[in-house]
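Written below as structure tokens is the structure these notes are about.
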Amino acid sequence: MSILRGPEEGQTRTRPLAESALLAAITVLLMFAGAYIPMAAIFVVLALPLPVMVVVLRHGLRYGIMAVVVTVLLSGMFLGLIQALLTGVLVVGFTGITFGVGLDREWDASTLVGVGTGVFALMFLIIILTAGPLLGINLLEQMDYMMTESMERAVDMYTGMGVEREAVAERAEQFRLAWEYMQLVFPAVLMMAGLMYSMWTFLVMKLILPRLGYSVPSLLPFARWRAPAWLSILLIAAYAGQLVLAMGWMLDVMRNTLFAVNMAYLLFGVSLMYYFIRQLVSSRIIAGLLCFVLAMNAVISLVLLLAAILDSGLDFRSRFEARMSH
């Protein structure tokens with residue numbers, strides 16, 4: 001089915017236009033709720049692209065774009081130009097149209113999440129680059145200032161509690177180095193943030209759209225996530241690149257690639273751990289909490305990384321199930 005389709009047979013243009021305008025109005029109402037009900041903001045942001053997705057699925061890409069335009073115009077009148085541009089164009093437009101087109105073309109779940117990750121990372125980057133001039137502030141400088149202030153307050157708090165100043169200074173230095181490293185791998189952090197947002201948006205889609213009669217593909221259960229073999233090629237290339245390249249933008253690329261690959265392997269390692277914990281613990285909540293607590297330990301995190309790398313070739317789950325079946 002073409003996403004450029006017009007009204008269906010026997011249907012005038014009035015109905016698609018009316019439905020698109022109605023769904024755009026619903027989007028603006030959600031934006032109002034997010035702006036004036038702080039406790040609901042996070043859930044509202046995840047739901048904002050859904051009306052545009054429905055428009056694309058029902059009437060095609062053309063009407064989806066029209067719904068975004070109406071959303072921007074209405075939100076601009078009632079919420080202001082900055083809110084209209086940042087939320088209406090980026091969150092509603094980018095996300096709603098991307099996922100709507102993906103669902104219309106029947107992409108599988110991993111493709112939807114993967115494309116969504118790239119779209120969200122680009123969206124966050126545009127917000128960072130444009131919000132500063134629009135708001136008259138530099139977001140990166142603000143983040144650095146807030147982090148510095150937080151560390152100084154933490155030092156004062158721990159010193160006031162009687163903790164030795166040397167120990168506090170050592171911990172503050174560790175946080176400072178960690179923050180400097182995070183700035184170096186900011187593109188990879190942006191991609192990880194995009195992945196998280198894409199996953200949450202997908203889960204909201206999976207929860208709501210089937211109730212409206214639309215099919216949403218299913219992801220593999222988390223316990224079955226396994227690192228693809230090609231990820232090891234990126235890992236080796238990133239390590240080799242850091243050893244060979246001494247400076248320049250290529251070194252930054254290798255550093256960011258290595259960080260992203262390590263985070264991916266850690267996620268797959270947690271999935272592997274969750275699978276085996278579930279063999280002993282029936283409750284998903286308890287098993288998830290155990291995984292979270294254990295993954296916070298530095299030594300266990302390293303073990304999970306190594307286990308995930310080995311699992312991509314050895315497939316520990318299949319070996320375990322084959323042994324249990326005998």
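These numbers come from a predicted model, not from an experiment. FYI, side chains are in, hydrogens and waters are out, and symmetry mates aren't considered; it's all heavy atoms of this structure.
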Between [X] (side chain only) and [Y] (backbone N and O only), is there a donor and an acceptor less than 3.5 Å apart?
X	Y	result
Thr98	Phe94	yes
Thr27	Leu23	yes
Ser232	Ala229	yes
Ser312	Pro228	no
Arg319	Leu314	yes
Thr95	Val92	no

Could you see if [X] belongs to whatever hydrophobic cluster contains [Y]? Use Ile, Leu, Val, Met, Phe, Trp, Tyr and a side-chain cutoff under 4.5 Å.
X	Y	result
Trp200	Phe292	no
Ile26	Met77	yes
Val303	Leu266	no
Leu310	Ile236	no
Leu203	Leu30	yes

**Request:** Would you check if Val72 and Val69 make a side-chain contact, meaning some heavy-atom pair closer than 4.5 Å?
**Result:** no

**Request:** Compare all side-chain heavy atoms of Leu17 with those of Met66 and state whether any distance is below 4.5 angstrom.
**Result:**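 Contact flag for Leu17/Met66 side chains = yes.
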
**Message:** For Met196, is the CE atom crowded, meaning more than 12 foreign heavy atoms sit under 6.0 Å from it?
**Reply:**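 12 or below, so no.
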
Restricting to side chain to side chain contact (heavy atoms under 4.5 Å, CB included), what partner residues turn up for [X], sequence neighbours left out?
X	result
Met273	Ile277, Cys291, Leu294, Leu304
Met199	Val113, Leu195, Leu219, Trp225
Ile286	Val281, Ser283, Leu290

**Message:** Test of understanding: with ring-ring contact (aromatic ring centres under 6.0 Å, His included), list the residues that count as partners of Tyr274, not counting sequence neighbours.
**Reply:**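 So Tyr274 forms a ring-ring contact (aromatic ring centres under 6.0 Å, His included) with Phe222.
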
**Message:** So, using ring-ring contact (aromatic ring centres under 6.0 Å, His included) as the criterion, who are the partners of Phe316 when residues are at least two apart?
**Reply:**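 Partners of Phe316 under the ring-ring contact (aromatic ring centres under 6.0 Å, His included) test: none.
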
The criterion is salt bridge (charged side-chain N to carboxylate O under 4.0 Å, His left out); which residues satisfy it with [X], sequence neighbours excluded?
X	result
Arg226	Asp315
Arg224	Glu321
Arg317	Asp311

**Request:** Could you note down all residue pairs passing side-chain hydrogen bond (donor to acceptor under 3.5 Å, both in side chains) where residues 254-266 supplies at least one of them, sequence neighbours left out?
**Result:**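 Of all non-adjacent pairs touching residues 254-266, those that pass side-chain hydrogen bond (donor to acceptor under 3.5 Å, both in side chains) are Asp252-Arg255.
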
**Item:** side-chain hydrogen bond (donor to acceptor under 3.5 Å, both in side chains) pairs, two or more places apart, involving residues 110-129
**Value:**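 Listed once each, the pairs are Asp108-Ser110, Asp108-Thr111.
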
Pairwise distance [atom1]([X]) to [atom2]([Y]) - rounded to 0.5 angstrom:
X	Y	atom1	atom2	answer
Tyr214	Ile208	OH	CD1	13.5 Å
Met191	Met263	CE	CE	14.5 Å
Met205	Met53	CE	CE	5.0 Å
Asp104	His59	CG	NE2	12.0 Å
Leu207	Leu46	CG	CG	11.0 Å

**Request:** For side chain to side chain contact (heavy atoms under 4.5 Å, CB included), just list the numbers for Ser20 and Val70, CA-CA rounded to whole Å, side-chain angles, deciding distance to a tenth of an Å, and then say yes or no.
**Result:** CA-CA 9 Å; Ser20 300; Val70 173; over 6 Å; no

**Item:** Pair listing, ring-ring contact (aromatic ring centres under 6.0 Å, His included) test, anchored in residues 100-123, at least two apart
**Value:**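 Passing the test, one end in residues 100-123: Phe120-Tyr197.
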
Of all the heavy-atom pairs spanning [X] and [Y], show the shortest one and how long it is.
X	Y	result
Ser218	Lys206	OG-NZ, 2.8 Å
Ala237	Met254	O-SD, 3.7 Å
Ala295	Val270	CB-CG2, 4.0 Å
Ala227	Ala308	CB-O, 4.2 Å
Ala109	Phe202	CB-CZ, 3.7 Å

**Request:** Pick out which of Thr201, Leu209, Val56 makes a side chain to side chain contact (heavy atoms under 4.5 Å, CB included) with Phe99.
**Result:** Thr201

**Item:** Val189 and Phe259: CA distance, side-chain angles, deciding distance, side chain to side chain contact (heavy atoms under 4.5 Å, CB included) verdict
**Value:** CA-CA 8 Å; Val189 173; Phe259 178 82; 3.9 Å; yes

**Request:** Would you mind listing the cluster partners of Leu289? Hydrophobic ones only (ILVMFWY), side-chain contacts under 4.5 Å, chaining allowed.
**Result:**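 Ile285, all in the cluster of Leu289.
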
